[in-house]
Amino acid sequence: MQVLRGAAEPISGEKLAVHLALSRAAVWKRINRLKAQGYAIEGSPRRGYRLLTIPDKLLPEEVLQGLKARRLMGPMHHYETLDSTNDLAKELGSRGAPEGTVVVAETQTRGRGRLGREWESPPGVGLYVSVVLRPMLPPMELPQITLTTAVAVVRAVRRVTGLAPGIKWPNDLILSGKKLGGILTEMESESDRIRYLVVGLGLNVNNPEFPPGLKDLATSLALEAGRPFSRVNLLQAWLEEFEGLYERFLHQGFPEILEAWKRHTVTLGKKVTVRQGPREIQGQAEDVAPDGALLIRVANGEVLRVTSGEITPGPAEDPGA
Ligand code: BT5
């Protein structure tokens, strides 16, 4: 692939065979595999092979090309369709897949949010990606990794598109008041140690529209900017930003990342309602504790710690909420 990509002129099968130390038949097979993946390759018996177009897919050949992240460098698994990239990443994690294993799909048939909710994952327009990590950390540090992931998404989106999403505690990426993306962090732990964890990111990139139920709630980068963006560039940028922040988190702890998170959040300083199953807490979102918990000042002046739940703006009965 690299050879074809860099070539201005068609390259003969013979030359490719020498360059790749393969037989002519093996070169032919490889070219056919690339074509099946969607690469448009012109081949003429006399002149050789020429790359015409690269498919708009998150193929490892494209994503790993020029990727600066080293720790999260793969192995990378790409699928046209998966039930859920988190499910496959968890399966790979349980079978011993190394840290940095990346699972990407063009579409998901059962993309998941938290608490069994669905993640709308139409083909070819979003990022649906999961990464296996093996940090030597206690399970209670999981929320910090979710916040770290969100900061990495903000940075990646800014870098590639110039748009600046906000973060709604703990895991929503928000643009123009609508949901642009979400993060699903899941783990397998033993006693007081994380065995492996999976960080899953869903990001709406080039979605031209959303189904009726999501129309008023969801947005995509393309809808906001009025033009499409390269999903490959966004995935590369997220892997790079995430790797940098994850390493910082492991070596220097959470404080600096938390400060960055606070700069990007749209939650703090606002009146909120938190729903935790049947329970509801109303108050002012004051701060995030060093461990990632949200601190809410309620009517009697007490500050409550919230480690999970659903946040909506204002008091629940507020019609403007
Ligand atoms: C999340 O859940 O926000 C986490 C979503 C994580 C999805 C990724 S995709 C790759 C990986 N593999 C998976 O199977 N999952 C992860 P939550 O906070 O529970 O939000 C879910 C809610 O967001 C739904 O109930 C809808 O209201 C809304 N929603 C669903 N699809 C959406 C979309 N594409 N864009 C915006 N909002 C959406």
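Note that ligands are numbered from 1 as they come in the structure, with each ligand's atoms numbered from 1 the same way.
Between V3 and H19, the closest heavy-atom pair is CG2-CD2, 3.5 Å. Contact detail for P208 and V125: the closest heavy-atom pair is CD-CG1, 4.4 Å. In plain terms, the two heavy atoms of H78 and L58 that are nearest each other are CD2-O, 3.2 Å. Between F249 and Q144, the closest heavy-atom pair is CE1-OE1, 3.1 Å. Across all non-hydrogen atoms, the minimal contact from N206 to P228 is OD1-CA, 3.2 Å. Taking each heavy atom of L239 and V102 in turn, the nearest pair found is CD2-CG2, 4.3 Å.
Counting the atoms of ligand 1 from 1 in the order shown, those under 4.0 Å from a heavy atom of N204 are 33 (C), 34 (N), 35 (N), 36 (C). Atoms of ligand 1 lying under 4.0 Å from any heavy atom of R112, numbered from 1 in the order shown and given with element: 5 (C), 6 (C), 7 (C), 13 (C), 14 (O), 15 (N), 16 (C). In summary, the atoms of ligand 1 found under 4.0 Å from a heavy atom of S130, numbered by their order in the structure, are 11 (C). Counting atoms of ligand 1 from 1 in the listed order, those under 4.0 Å from a heavy atom of V129 are 10 (C). Against a heavy-atom cut-off of under 4.0 Å, G111 is close to the following atoms of ligand 1: 14 (O). Within the listing of ligand 1, atoms 4 (C) sit less than 4.0 angstrom from a heavy atom of I183.
Looking at atom 36 (C) of ligand 1, its nearest protein heavy atom turns out to be A218 CB, 3.4 Å. The shortest contact between atom 5 (C) of ligand 1 and any protein heavy atom is with W119 CE3, 3.5 Å. Closest to atom 30 (C) of ligand 1, if we only count protein heavy atoms, is E118 O, 3.2 Å. Counting protein heavy atoms only, atom 20 (O) of ligand 1 is closest to K179 NZ, 2.9 Å. Ranking protein heavy atoms by distance to atom 8 (C) of ligand 1, first place goes to G202 N, 3.5 Å.
Among E310, R110, E186, E120, the residue whose heavy atom lies nearest to atom 31 (N) of ligand 1 is E120. Remark: among candidates N86, L214, I311, the nearest residue to atom 29 (N) of ligand 1 is L214, based on non-hydrogen atoms.
The side-chain contact (heavy atoms from CB on, under 4.5 Å) test applied to A40 returns L52, T53, not counting sequence neighbours.
Other residues, nucleotides and ligands contribute more than 12 heavy atoms inside 6.0 Å of the CD atom of E188. Within a 6.0 Å radius of NZ in K35, more than 12 heavy atoms belonging to other residues, nucleotides or ligands are found.
Looking at S121 against ligand 1, nothing comes within 4.0 Å, counting heavy atoms. Under 4.0 angstrom from ligand 1, the non-hydrogen atoms of R117 all belong to its side chain. Only the side chain of N171 comes within 4.0 Å of ligand 1, counting heavy atoms alone; its backbone N, CA, C and O stay farther away.
Taking any N or O of Q108, backbone or side chain, at least one lies under 3.5 Å from an N or O belonging to ligand 1.
Separation of atoms CG (L133) and CG (L250) is listed at 8.5 Å; rounding is to 0.5 Å.
Think of L217 as one node in a network of Ile, Leu, Val, Met, Phe, Trp and Tyr side chains linked at under 4.5 Å; its network also takes in F210, L214, L223.
In this structure, T85 counts as a contact residue of ligand 1, since one of its heavy atoms falls inside 4.0 Å of the ligand.
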